[in-house]
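Worksheet: the structure to be examined is printed underneath.
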Amino acid sequence: MALGLQIKDEDSGYNKNLFCIPKHYEEDLERVFIPRGLILDRTERLARDIMQDMGNHHIVALCVLKGGYRFFADLLDHIKALNQNGDKSVPITVDFVRIKSYCKDTCTEKISIVGEELSTLNGKNVLVVEDIIKTGRTMKALLSKLKDNEPKMVKVVSLLIKRIYRSPGYRPDYIGFEIPDKFVVGYALDYNEYFRDLNHICILKERAKEKYKS
């Protein structure tokens, strides 16, 4: 079973005044939940684990936009360093997809994928890079579509997974942090497109949701 660095339900994070927070967001955030330095250290270890498992064949890194772009960029920097400095190296190419999920009357998960032609993944080692997994339903639907194109291997890395009551139990192959069911933003995770420009992952105040909802 994939293990992430577990953040316990009672962990409240860090005083935001100890970190550099953009002035325009200072009043909207409760706490810094995961500092950027900790994210980068964990990402470096994930890169090593990924290369040990997948580093014998061409890897296509598939970034799930938009929330995954910061994690994707930092992860690829670490993977490239391992690729350049190790005893062996493999080609790394990148693609991007955007997933839109919606529920019909039956509440069956439907997804639409906007991105590269997935047939190019045939025979490749595919690494899907996601920012956060909640129920896992959308990711399972994406994986089903990917497997129709017969890649050699598909692995999923998610920076965060949430512990959610009655979750279907999907777990990716690599996990950065396992977090309680808190509303987090920053490090490209957004609320209505805001907060992507925040370096740290932070807890959003309830009243800020009203402020940024439109």
Side-chain angles (χ1 to χ4, degrees), residues 1-7 34 39 42-43 45-47 49-51 53-54 59-76 79 92-104 106-191 193 196 201:
M1 178 183 291
L3 296 176
L5 198 161
Q6 291 214 359
I7 298 178
I34 309 176
I39 296 170
R42 182 74 187 118
T43 301
R45 178 53 198 253
L46 289 171
D49 292 345
I50 288 164
M51 285 299 287
D53 292 346
M54 302 182 70
I59 297 173
V60 180
L62 189 65
C63 176
V64 180
L65 295 171
K66 296 180 185 176
Y69 79 85
R70 286 284 297 274
F71 176 47
F72 182 77
D74 288 333
L75 181 68
L76 252 64
I79 287 176
I92 310 285
T93 55
V94 301
D95 266 328
F96 301 88
V97 294
R98 289 187 67 179
I99 303 175
K100 293 188 177 180
S101 61
Y102 56 95
C103 270
K104 294 268 189 176
T106 57
C107 245
T108 303
E109 193 84 8
K110 302 287 185 182
I111 69 169
S112 63
I113 299 175
V114 181
E116 293 298 318
E117 176 54 54
L118 297 179
S119 63
T120 60
L121 304 178
N122 183 280
K124 306 275 183 29
N125 280 353
V126 180
L127 176 68
V128 180
V129 182
E130 177 67 286
D131 58 345
I132 186 167
I133 290 176
K134 299 165 190 172
T135 66
R137 293 189 187 98
T138 302
M139 180 56 66
K140 286 196 282 190
L142 172 61
L143 291 176
S144 176
K145 288 186 179 291
L146 292 178
K147 286 173 182 174
D148 288 343
N149 294 278
E150 299 183 349
K152 181 178 181 183
M153 174 194 296
V154 178
K155 298 279 190 180
V156 178
V157 56
S158 184
L159 176 62
L160 306 175
I161 66 167
K162 277 191 179 183
R163 290 190 297 275
I164 294 179
Y165 180 62
R166 289 186 175 174
S167 166
Y170 170 79
R171 294 179 71 86
D173 301 283
Y174 310 98
I175 299 166
F177 301 88
E178 184 173 316
I179 67 170
D181 190 10
K182 296 180 185 292
F183 200 103
V184 293
V185 294
Y187 194 68
L189 281 78
D190 76 304
Y191 179 69
E193 294 301 325
R196 295 195 195 277
I201 293 175

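What you are looking at is a predicted structure, and each value in this text was computed from that prediction instead of being measured.
Note: I79 CD1 to I50 CD1 = 5.0 Å, rounded to the nearest 0.5 Å. Rounding to the nearest 0.5 Å places CG of D181 at 9.0 Å from NZ of K134. Rounded to the nearest 0.5 angstrom, Y187 OH and D131 CG are separated by 10.5 Å. To the nearest 0.5 angstrom, I59 atom CD1 is 11.0 Å from K152 atom NZ. Rounding to the nearest 0.5 Å places OH of Y174 at 4.5 Å from NZ of K155. Here the CG atom belonging to L5 is positioned 11.5 Å from the CD1 atom belonging to I39, to the nearest 0.5 angstrom.
Listed by chain and number, the residues in a salt bridge (Lys or Arg N to Asp or Glu O under 4.0 Å) with K147 amount to none (sequence neighbours excluded). Qualifying salt bridge (Lys or Arg N to Asp or Glu O under 4.0 Å) partners for D173, counting only residues two or more places apart in sequence or in other chains: none. The ring-ring contact (aromatic ring centres under 6.0 Å, His included) check on F71 picks up nothing, with sequence neighbours excluded. By the ring-ring contact (aromatic ring centres under 6.0 Å, His included) test, F177 pairs with no residue at all, sequence neighbours left out. Residues meeting the salt bridge (Lys or Arg N to Asp or Glu O under 4.0 Å) test with D148, sequence neighbours left out: none.
Judged purely by atom type and a 3.5 angstrom limit, N149 uses its side chain to pair as donor or acceptor with the backbone of K145. Checked by atom type and distance alone, the side chain of K162 pairs as donor or acceptor with a backbone atom of K182 at under 3.5 Å.
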Distance-only donor-acceptor pairs under 3.5 Å for side chains of residues 60-70, two or more places apart:
{"unit_1": "K66", "atom_1": "NZ", "unit_2": "E193", "atom_2": "OE1", "d": "3.3"}
{"unit_1": "R70", "atom_1": "NH2", "unit_2": "N199", "atom_2": "OD1", "d": "3.1"}

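Across all their heavy atoms, M153 and D53 have their closest contact at CE-O, 4.2 Å. In terms of heavy-atom proximity, P172 sits nearest to V156 at CB-O, 3.5 Å. What you find for V126 and P151 is that their closest heavy atoms are CG2-CB, 3.8 Å.
Looking at L127 and L75, their side chains come closer than 4.5 Å, going by heavy atoms from C-beta outward. With contacts defined as side-chain heavy-atom distances shorter than 4.5 Å, the pair V129/L159 does not qualify. Side chains of I161 and I132 form no contact here, defined as non-hydrogen atoms less than 4.5 Å apart. Contact annotation: the side chain of R45 never approaches that of T43 to less than 4.5 Å [non-hydrogen atoms, C-beta and beyond]. Contact annotation: the side chain of L160 approaches that of I34 to within less than 4.5 Å [non-hydrogen atoms, C-beta and beyond].
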request  = Apply side-chain contact (heavy atoms from CB on, under 4.5 Å) to V154 and L143, showing your working.
outcome  = CA-CA 8 Å; V154 178; L143 291 176; 3.6 Å; yes

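A salt bridge links E178 with R171: the distance from a Lys NZ or Arg NE/NH1/NH2 to an Asp or Glu carboxylate oxygen falls below 4.0 Å.
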